[in-house]
There are 2 protein chains.
Amino acid sequence: MTITQLYYVLAVAENQNFTKAAEKCFVTQPTLSMQIQKLEDELDVQIFDRSKKPIELTDVGKKIVIQARNIVNESYRIQDIVDQQKGFIGGEFKLGIIPTVMPTLLPMFLKAFIKKHPKVKLKIEELTTEEIITRINDGHLDAAIAATPLEVDTIKERALFYEPFVCYIPQGHRLHGKNNIDIAHLDIDDMLLLEDGHCFREGVINLCKAFKDHTDDEFQLESGSIETLIKLSNEGLGMTLLPYLHTLDMRENEKKNLHYFKEPSPAREVSIIFHKSELKMQIIESLQDVIAGIIRGAIAFQDVKIISPIHKK
Amino acid sequence: MTITQLYYVLAVAENQNFTKAAEKCFVTQPTLSMQIQKLEDELDVQIFDRSKKPIELTDVGKKIVIQARNIVNESYRIQDIVDQQKGFIGGEFKLGIIPTVMPTLLPMFLKAFIKKHPKVKLKIEELTTEEIITRINDGHLDAAIAATPLEVDTIKERALFYEPFVCYIPQGHRLHGKNNIDIAHLDIDDMLLLEDGHCFREGVINLCKAFKDHTDDEFQLESGSIETLIKLSNEGLGMTLLPYLHTLDMRENEKKNLHYFKEPSPAREVSIIFHKSELKMQIIESLQDVIAGIIRGAIAFQDVKIISPIHKK
DNA sequence: ATATTTTTATAGCCTAAATTGATTAACATG
DNA sequence: CATGTTAATCAATTTAGGCTATAAAAATAT
């Protein structure tokens, strides 16, 4: 058994296809076929059920894949140990960011981070929380920035900052003009929400539900971006909630529609998250430092109440 | 990097010698030299400091060895998964047993276990607790039977039974004839003890210390076996404590000298212990079942007070 | 039902890597 | 200084991994 063989198994299991997996591994398909057969012979067990199309894992195969993932990850850590010893911070680093954090936070820290670590090849992807969790678990992401707590036991979290929710209430709305909004005043029915899949949406729903038990899940107006949300709100279609950082670079005439919650303001916890195996931990910690340093000053709310970003049934 | 290379590194680290390590791996010394050099080249770091005699690990080397141990162990688990799937219970199984448990417990379960699992090649070694911990950690033991709790975070414990301490008090001793001995009556100064390194000794000391603060560590009479302890006691050199199972097959005239503690009787917890990686878990669980089944009935004390087997400073 | 496409397995070949035996170099020890 | 021990080096051999080409099997289209 070799680490390479295990790596091939992972590739085939992921792609459910020898040919595609071979491309990902930069070898030819016969190479994969043979190495996997060799491993199956050695263990004297079928890992893949080749009678199914697309190809499937057998029951043992599934367990072997989990273990293979472990071993391959742990093998990466040896290079990690060496890098750490040498103080070398570099290589590819794949970071996921949720859509509602991406446009505001990324410009704040990206330059500083690249300057600090020119040898790190940052690859940033905008992904939903769900996609992030999958990719951290299968090793396709080294870390991510997401709203927490997530309660996923394979993933560790380190809080970066607490970002308050701010009300955007257009003129003519019943709450317009009021400041120090109380959570109890919110009504999910005149609240514009992001599309399904955004954890900020879940946060808002959780917040509203905290005071009113609302089982009807059919929200009428939904949008894919916060910018659109603001425009829809301006059209008089309802109020909406914005993450605090989004309110910093708004036009002056729109800023007039911002209304803050009375403290403790509801807020989301934004964290850097990563697999519990703690691979590339130096880079993660450095990124954490950079963001924490930049955010300090930008957000200065004292007392916040953290809203869960996950949908509870 | 290959699993084989990591295995070679472990062998050299353990033996501090390429030639001996090569023998253990069933390859020639140049093979080891070359493979380890190759790994060092690939990682671009020295794992061994070859200027020292005997050869030593570098600082990174030490960390790499820990990680290599992980990876090699995890790779064994793949075969474990396959075996488990097939319901195959077999292969080599290395079990350590502490000296004060060995002679009484081993005869009780050995036959039954061998009969239940004829394909398992049992290798049993009598070892002190300290040796057992080292060998479980470095993978030279699959499991062991020892007094617990040990508080070693790499090792898991499963209690098998609670074995009460029984007083052996020769005629003429101040406590002779009394039954329902109270712990408070014990005096470490007229207590015969096992040699250093036996955890039963530590247990007895902890027990005596519980009531009298005794800092003088110079015990006069010490012995390497419980049999000798009894003989010394018969010579009028003091009383001693015996593990309950030892009292079952004593001669009748010696049984007269046994005095039980009043409940809750002090007792040692005897457990099957194994590395947290839980390799060969089917065998371990089966062994646990066999021993638990046999001991049931042999020990029927209701209320016991567990004495720690470790020396606390 | 047949042709076409897609996908995996097989075979033969080549190259690179692992291993060995023999030898050398370095070092410690009597 | 000689001797024994131990790791490194070198050339030779074996083994294993990978490639190209091709066959076989299965799915899809005609």
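Note on naming: letters A, B, ... go to the chains in the order of the sequence lines (proteins, then strands), and numbering restarts at 1 for each one.
- When the salt bridge (charged side-chain N to carboxylate O under 4.0 Å, His left out) test is applied to A:Glu278, the partners found at least two apart in sequence or on another chain are A:Lys156.
- One interatomic measurement links the two molecules: CG of A:Asn15 to P of C:dT6, which rounds to 18 Å at whole-angstrom precision.
- The residue among A:Ser51 and A:Thr31 whose nearest nucleotide of DNA chain D lies closer to the 5′ end is A:Thr31.
- As rounded to whole Å, 16 Å separates atom P of D:dT6 from atom CD of B:Glu56.
- Whole-Å rounding puts the B:Phe48 CZ to D:dT6 C1' distance at 15 Å.
- Sorted pairs that involve residues 3-13 of chain B and meet salt bridge (charged side-chain N to carboxylate O under 4.0 Å, His left out), not counting sequence neighbours, are lacking altogether.
- Side chain to side chain, A:Thr31 and A:Gln35 fail the donor-acceptor criterion of an N or O pair below 3.5 Å.
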Show the atom names and distances, to 0.1 Å, of all donor-acceptor pairs under 3.5 Å that link a side chain in residues 131-138 of chain A to residues at least two apart or in another chain.
residue, atom, partner, partner atom, Å
A:Glu131, OE1, A:Thr128, N, 2.9
A:Glu131, OE1, A:Thr128, OG1, 3.3
A:Thr134, OG1, A:Glu130, O, 3.0
A:Arg135, NH1, A:Glu125, OE2, 3.4
A:Asn137, OD1, A:Thr154, OG1, 2.6
A:Asn137, ND2, A:Ile133, O, 3.3
A:Asp138, OD1, A:His140, N, 3.0

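- Regarding A:Ile36, its CD1 atom lies at a distance of 11 Å from the P atom of D:dG18, rounded to whole Å.
- Remark: P of D:dA16 and CD of A:Gln5 are 11 Å apart, rounded to the nearest angstrom.
- Atom OH in B:Tyr7 sits about 17 Å away from atom C1' in C:dT19, given to the nearest Å.
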Only distances under 3.5 Å count here; give the side-chain donor-acceptor pairs of residues 45-52 of chain A to other protein atoms, sequence neighbours excluded, each with its distance to 0.1 Å.
residue, atom, partner, partner atom, Å
A:Gln46, NE2, A:Phe48, O, 3.3
A:Asp49, OD1, A:Ser51, N, 3.0
A:Asp49, OD1, A:Ser51, OG, 2.6
A:Arg50, NH1, A:Glu40, OE1, 3.2
A:Arg50, NH1, A:Glu40, OE2, 3.2
A:Arg50, NH1, A:Phe48, O, 3.4
A:Arg50, NH2, A:Glu40, OE1, 3.1

Within the sub-3.5 Å range, which N or O atoms of nucleotides 7-12 of chain C have a protein N or O partner, and how far apart are they?
residue, atom, partner, partner atom, Å
C:dT8, OP1, A:Phe18, N, 3.1
C:dT8, OP2, A:Asn17, OD1, 3.3
C:dT8, OP2, A:Phe18, N, 3.2
C:dT8, OP2, A:Thr19, N, 3.0
C:dT8, OP2, A:Thr19, OG1, 2.8
C:dA9, OP1, A:Arg50, NE, 2.3
C:dA9, OP2, A:Ser33, OG, 3.0
C:dA9, N7, A:Gln29, NE2, 2.9
C:dA9, N6, A:Gln29, OE1, 3.3
C:dT10, OP2, A:Gln37, OE1, 3.1
C:dT10, OP2, A:Gln37, NE2, 3.2

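- Residue pairs meeting the salt bridge (charged side-chain N to carboxylate O under 4.0 Å, His left out) criterion with at least one member in residues 1-26 of chain A, sequence neighbours excluded: A:Glu14-A:Arg69.
- Nucleic acid contact for B:Tyr8: sugar-phosphate only, since backbone atoms but no base atoms lie under 4.0 Å from a heavy atom of the residue.
- As rounded to whole Å, 10 Å separates atom P of C:dT20 from atom CD of B:Gln35.
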